Amino acid sequence: MHEYNPLEIEPKWQAAWAEAGIDAVDAVIGDTADSLAAKSTYYALEMFPYPSGDVHMGHVRNYTIGDVISRYKRMQGFNVLHPIGWDSFGLPAENAAIKQNSTPANWTYANIDKQRASLKRLGFSYDWSRAVITSDVDYYHWGQWIFLKLWERNLVERRLSPVNWCPSCTTVLANEQVLGDGECWRCKSHVERKELEQWYFKITDYAQELLDDLDTLDGWPERVKQMQANWIGRSTGAEVDFVLCDASGEPTKETITVFTTRPDTLFGCSFFLLAPEHPLALEFVAGTEYEQDVRAVIAEAASATAVERSKGEREKHGAFTGRYVVNPINGEKVPVWIADYILMDYGTGAVMAVPSGDERDFAFARKYNLPIPPVIIASDDALFAELDGKRERVVNDVPWTEAYAGEGIMVQSGEFTGLAGGKDSAGSEAVIVSLEAQGAGKASINFRLRDWLISRQRYWGNPIPAIYCDACGIVPVPEADLPVVLPLDVDVAKGDKLAAHPEFYDVTCPACGKPAHRETDTMDTFTCSSWYYLRYADPHNAGVPFAREVANTWMPVDQYIGGIEHAILHLLYSRFFTKALRDAELLDFDEPFKNLLTQGMVKLNGETMSKSKGNVVAPEDMIALYGADALRVYILFMAPPDKDLEWSQSGIEGISRFLNRVWRAVFDLTGEVVVDSEGIKLSVYDETLDAAAVNERAAELNRELHRVIGKVVSDIERFNFNTAISAIMELLNTIAGYLKVPVAARDAELCNRAARSLVLLLAPMAPHFAEELWNEVLAGGVTGGAGGVAGGAAGGVGEGTAGGVTADDADNNNAFDSVHKQPWPEYDPAQAQAATVELAVQVNGKIKARITVAVDASESAIQEAALSEAAGAIGDKPVKKVVVVPGKLVSIVV
RNA sequence: GCCCGAGUGGCGGAAUGGCAGACGCGGAGGUCUCAAAAACCUUUGUCCACAAGACGUGUGGGUUCAACUCCCACCUCGGGCACCA
């Protein structure tokens with residue numbers, strides 16, 4: 001036996017696999033074009049890395065999970081696409097370039113080289129021939145092409161809007177890129193609001209479908225779907241048109257529309273609110289006595305930072321504009337105020353205030369002494385009789401001390417009084433019908449989701465293919481002129497930008513030929529990551545981003561794996577892209593990712609590992625100590641994949657020990673007397689075992705083999721890698737018990753099968769380890785060793801066709817018979833059963849005895865045995881009931 | 001405030017309503033060794049000197065022959081959203 005030396009065998013097999021092209025989907029060893037076509041496809045995908053530096057433990061975890069799934073599926077006979085690439089545009093490259101006086105490209109590509117080497121060192125089975133790097137012209141060319149397709153489909157728009165501006169990154173951000181407390185997702189600086197003209201993708205056109213199709217994503221975590229649903233934020237209700245009055249208070253022909261989820265409370269509207277940014281606000285008060293107060297509120301609201309706004313219950317400020325509007329439901333004139341809690345970018349920026357039914361309006365009414373007419377009361381409320389039918393308004397001394405926003409009965413609501421009120425209630429519907437009849441409103445749906453702001457005032461990104469012409473306006477770059485190449489001689493370290501490169505932006509208008517100006521903003525990096533999974537399917541296509549039929553073959557992704565932090569960002573954008581590309585007839589499916597696994601973080605001392613905290617455990621250090629396989633197995637073993645895990649150094653030593661034990665056991669199973677490095681014999685036999693004891697151990701091992709293979713299958717299918725590994729450990733423990741049997745008394749077939757199964761089960765998780773054992777000890781049958789266990793007789797379960805050399809071997813020139821080309825071991829649940837089982841006997845819920853019965857014993861026989869065995873505990877108390885749970889226990893109630 | 005998760009030994013974690021704590025780490029004792037490391041064996045939820053027994057899955061109730069698991073109420077921690085009309 002040679003020692004298990006991961007540092008020697010891992011690079012060896014990595015080189016051998018690379019040479020044999022074992023992981024490329026279209027060059028799989030032993031597969032012909034026909035056999036490949038006959039296989040089902042399986043697309044396993046992990047979120048590609050940003051090349052920020054070294055590979056860290058989070059990557060190791062993410063990619064190990066994906067690799068296990070890929071290798072397992074290959075052994076199950078699928079043709080597996082398992083690609084990798086880099087999301088390589090983005091701001092960190094610019095910052096690093098400035099810091100190191102380098103260029104973003106140099107920094108990025110150097111990091112990619114470093115990460116590629118690390119990923120290869122970890123033994124991940126990627127099809128490297130398909131690697132996609134988003135900052136390569138060959139890739140971003142097609143990002144521009146897709147941009148033009150979306151533009152053709154009217155999904156691209158340049159418009160003036162309030163935007164989020166990060167002063168530190170000196171660029172605008174999408175809504176999704178502003179964290180809950182108003183911080184930039186990347187640098188955590190406080191985001192400012194600005195009014196700028198920017199490029200948008202009209203993701204809101206798909207708001208309803210993005211929401212509806214969440215229901216079809218059965219393979220997604222509920223949590224992620226919930227987060228997306230909240231983010232999309234659909235509200236149903238009505239649009240109501242209020243008639244504007246002129247400065248003298250006379251109704252005009254103009255109306256102003258509000259959105260409400262509670263049309264049933266329309267009679268309770270006692271004032272009307274505009275957002276401070278609303279264009280009508282200043283128009284109303286210009287030159288009036290109200291102007292000063294209104295301007296003060298506007299100024300105060302504008303200066304409020306995101307932090308202040310996020311503090312929840314904030315003192316509300318407002319001012320009367322001097323104007324009135326007419327409530328269409330009852331013709332009442334109500335005053336128009338501005339209020340700083342009204343958001344310009346939700347609904348219409350104008351709101352009907354119902355202080356009795358809305359906490360915020362209530363607080364505002366109290367503060368400014370506005371009427372609070374009750375219109376909804378709980379059905380059992382005594383006020384009903386008192387209020388019903390009365391039209392007088394109760395002012396500030398209403399019996400209510402707070403707003404009532406729940407469901408109830410409409411009161412003081414004219415013809416609608418007595419109807420059920422609430423969101424989407426009968427009362428709401430009746431009010432909408434009435435409004436529609438008089439042309440003053442309609443049913444409506446509002447989304448919280450905003451369009452996706454995709455332009456960035458940064459250099460290191462995909463150039464937006466648009467040209468500004470004084471004569472023609474904004475003109476798309478013609479498809480034939482693509483790609484718009486990002487110049488590499490921009491020296492960001494010296495503060496250089498695209499906007500300072502005339503050779504980039506001085507162009508002629510494609511429409512009229514006159515001098516024009518190229519767009520110097522680049523696209524959000526999230527546009528690059530919104531379709532990379534499609535490019536993997538057809539990575540070298542030089543005519544289109546991907547061929548439709550090829551995309552249809554591999555997509556949707558069967559299993560996507562990545563961090564929860566993309567629950568809204570990347571995962572929502574990618575869904576949008578897929579739907580938009582489908583409508584552009586470029587592909588034929590609705591959702592990109594059929595199944596999603598969000599893996600937990602790797603922590604140290606309860607904190608996320610980060611360079612700035614200095615608490616990073618470097619994967620390279622662990623590989624140097626224990627090897628890549630031990631690291632892979634350990635990270636799988638520590639916790640279920642979707643939970644955060646706490647790094648512990650001593651645990652990986654345990655896994656290293658486990659692999660060493662397996663190593664020795666495999667040799668021992670061949671009959672070889674295993675010795676340690678100093679020649680001390682480790683194989684120890686128990687010569688006292690008689691034939692019956694040997695047979696019992698053999699039967700136990702056989703049962704355990706069938707049980708564990710079945711367990712590993714079901715655990716891997718559910719991604720419970722930790723329990724799959726536990727089960728393999730249990731198998732090893734049983735094997736260790738059998739290895740006490742002297743070599744001459746062992747069952748050769750059983751030893752062979754046990755060794756092979758052990759190695760095959762570990763192959764997806766510890767690929768080099770398994771490959772070495774397979775090739776050095778097992779391929780071609782177990783033949784080596786002092787005991788001379790004969791190989792080739794492998795029948796039974798263990799391995800379908802794997803009798804050693806596969807039939808395809810002759811057809812190709814690979815020098816080895818890879819364990820990763822073997823079929824997954826089969827198992828027979830019936831053989832996992834022992835002939836007899838021990839049952840616990842409970843008397844009134846307490847275990848009082850144990851009985852051993854045949855596995856197929858009849859219920860009455862079991863009952864009889866249990867009653868006699870537990871007779872002492874039962875005593876003379878009458879037996880009321882007996883429950884027999886086959887294989888488990890007997891419960892006796894006395 | 002609203003919406004999700006999660007609370008099990010010293011630690012990581014197991015348990016289609018059916019013997020709680022699998023598997024591993026750590027600890028204790030032992031074998032081997034001059035010694036140590038490695039390896040192997042035994043042991044390891046708590047209480048009790050041992051045994052017998054009792055108690056044990058955040059808390060309190062409930063359903064059930066049987067509850068970590070299901071139901072109700074609550075506590076704690078983590079995450080997301082939050083003036084969205």
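Computation of the quantities below employed the complete heavy-atom set of this structure, encompassing side-chain atoms and omitting hydrogens, waters and symmetry-equivalent molecules. This is a predicted model, so every value here is computed, not measured. Every chain is numbered from 1, with letters handed out A, B, ... down the list of sequences.
- In this structure, B:G56 forms no base pair with any nucleotide, since neither Watson-Crick nor G-U wobble geometry is met with both distances under 3.5 Å.
- Here the P atom of nucleotide B:A85 and the CD1 atom of A:Ile376 are 16 Å apart, to the nearest Å.
- A:Asp361 is linked by a salt bridge (Lys or Arg N to Asp or Glu O under 4.0 Å) to nothing, counting only residues two or more places apart in sequence or in another chain.
- Summarising the base pairing, B:A49 is matched to no nucleotide, lacking a Watson-Crick or G-U wobble pair whose two defining distances lie under 3.5 Å.
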> Base, backbone or nothing for each nucleotide of nucleotides 21-32 of chain B, written B, S, -, heavy atoms under 4.0 angstrom, 5' to 3'?
Replying inline: -BBSSS------
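- Atom CZ in A:Phe447 sits roughly 16 Å away from atom C1' in B:A85 (whole-Å rounding).
- Distance check on atom C1': B:A39 versus B:U46 gives 33 Å, rounded to whole Å.
- In this structure, CD of A:Glu646 is placed 15 Å from C1' of B:C77, rounded to the nearest angstrom.
- Using a cut-off of 4.0 Å between Lys/Arg side-chain N and Asp/Glu carboxylate O, A:Glu700 and A:Arg697 are scored as not salt-bridged.
- In this entry B:G7 has B:C75 as its Watson-Crick or G-U wobble partner, both defining distances falling under 3.5 Å.
- Nucleic acid contact for A:Arg223: sugar-phosphate only, since backbone atoms but no base atoms lie under 4.0 Å from a heavy atom of the residue.
- For A:Phe667, the ring-ring contact (aromatic ring centres under 6.0 Å, His included) criterion is met by A:His2, A:Trp663, not counting sequence neighbours.
- Taking the ring-ring contact (aromatic ring centres under 6.0 Å, His included) definition, one finds that A:Tyr341 meets it with A:Phe364, sequence neighbours left out.
- Atom CG of A:Asp644 and atom C1' of B:A6 are 11 Å apart (whole Å).
- Residue-level contact check: A:Lys846 touches the backbone only, with heavy atoms under 4.0 Å from sugar-phosphate atoms and none from bases.
- When heavy atoms are screened at a 4.0 angstrom cut-off, A:Lys423 is found touching the sugar-phosphate backbone but no base atom.
- For A:Asn720, the listed nucleotide lying nearest its side chain is B:A15; candidates were B:A85, B:C81, B:A15.
- One atom, CD of A:Gln842, and another, P of B:U64, lie 17 Å apart when rounded to the nearest Å.
- Counting only residues at least two apart or on different chains, the salt bridge (charged side-chain N to carboxylate O under 4.0 Å, His left out) pairs with a member in residues 844-853 of chain A are A:Glu838-A:Arg850.
- For the C1' atoms, the distance from B:A20 to B:C68 is 8 Å, rounded to whole Å.
- Within the structure, salt bridge (charged side-chain N to carboxylate O under 4.0 Å, His left out) contacts touching residues 720-736 of chain A (residues at least two apart or in different chains) are A:Arg707-A:Glu730.
- Within the shown strands, B:G30 is the pairing partner of B:C40 under the Watson-Crick or G-U definition, both distances less than 3.5 Å.
- Distance CG (A:Leu839) to P (B:G18): 15 Å, rounded to an integer number of Å.
- Distance alone, capped at 3.5 Å, places no donor-acceptor pair between the A:Tyr404 side chain and the A:Ile376 backbone.
- With sequence neighbours left out, the ring-ring contact (aromatic ring centres under 6.0 Å, His included) criterion links A:His570 to A:Tyr560, A:His566.
- Nucleotide B:A66 is matched to nothing when pairs are restricted to Watson-Crick or G-U wobble geometry with both distances under 3.5 angstrom.
- Atom CZ of A:Phe658 is separated from atom C1' of B:G12 by 17 Å (rounded to the nearest Å).
- Following rounding to the nearest Å, A:Asn446 (CG) and B:C84 (P) show an atom-to-atom distance of 13 Å.
- In this structure, the nucleotide among B:G80, B:A85, B:A82 sitting nearest to the side chain of A:Arg448 is B:A82.
- Taking atom P in both B:U16 and B:G29, the straight-line distance is 37 Å, to the nearest Å.
- Partner assigned to B:A15 is none, using Watson-Crick or G-U wobble distances below 3.5 angstrom.
- Pair check for B:C2 finds B:G80; Watson-Crick or G-U wobble, both atom distances under 3.5 Å.
- Between the side chain of A:Lys880 and the base of B:C65, no donor-acceptor pair of N or O atoms lies under 3.5 Å.
- Nucleotides B:A6 and B:U69, compared at atom P, are 13 Å apart to the nearest Å.
- Against RNA chain B, the stretch residues 883-894 of chain A makes heavy-atom approaches under 4.0 Å through A:Val883, A:Val885, A:Lys888, A:Leu889, A:Ser891, A:Val893.
- Listed by first and then second residue, the salt bridge (charged side-chain N to carboxylate O under 4.0 Å, His left out) pairs that reach into residues 631-649 of chain A are A:Asp67-A:Arg632, A:Lys603-A:Asp644, sequence neighbours excluded.
- Comment: A:Asp715 engages A:Lys711 in a salt bridge, judged by a side-chain N to carboxylate O separation of less than 4.0 angstrom.
- In this structure, A:Arg664 reaches the sugar-phosphate backbone alone: every heavy-atom distance under 4.0 Å involves primed, P, OP1 or OP2 atoms, never a base.
- Between A:Lys740 and A:Asp668, no side-chain nitrogen of the basic residue sits less than 4.0 Å from a carboxylate oxygen of the acidic one, so the salt-bridge criterion is not met.
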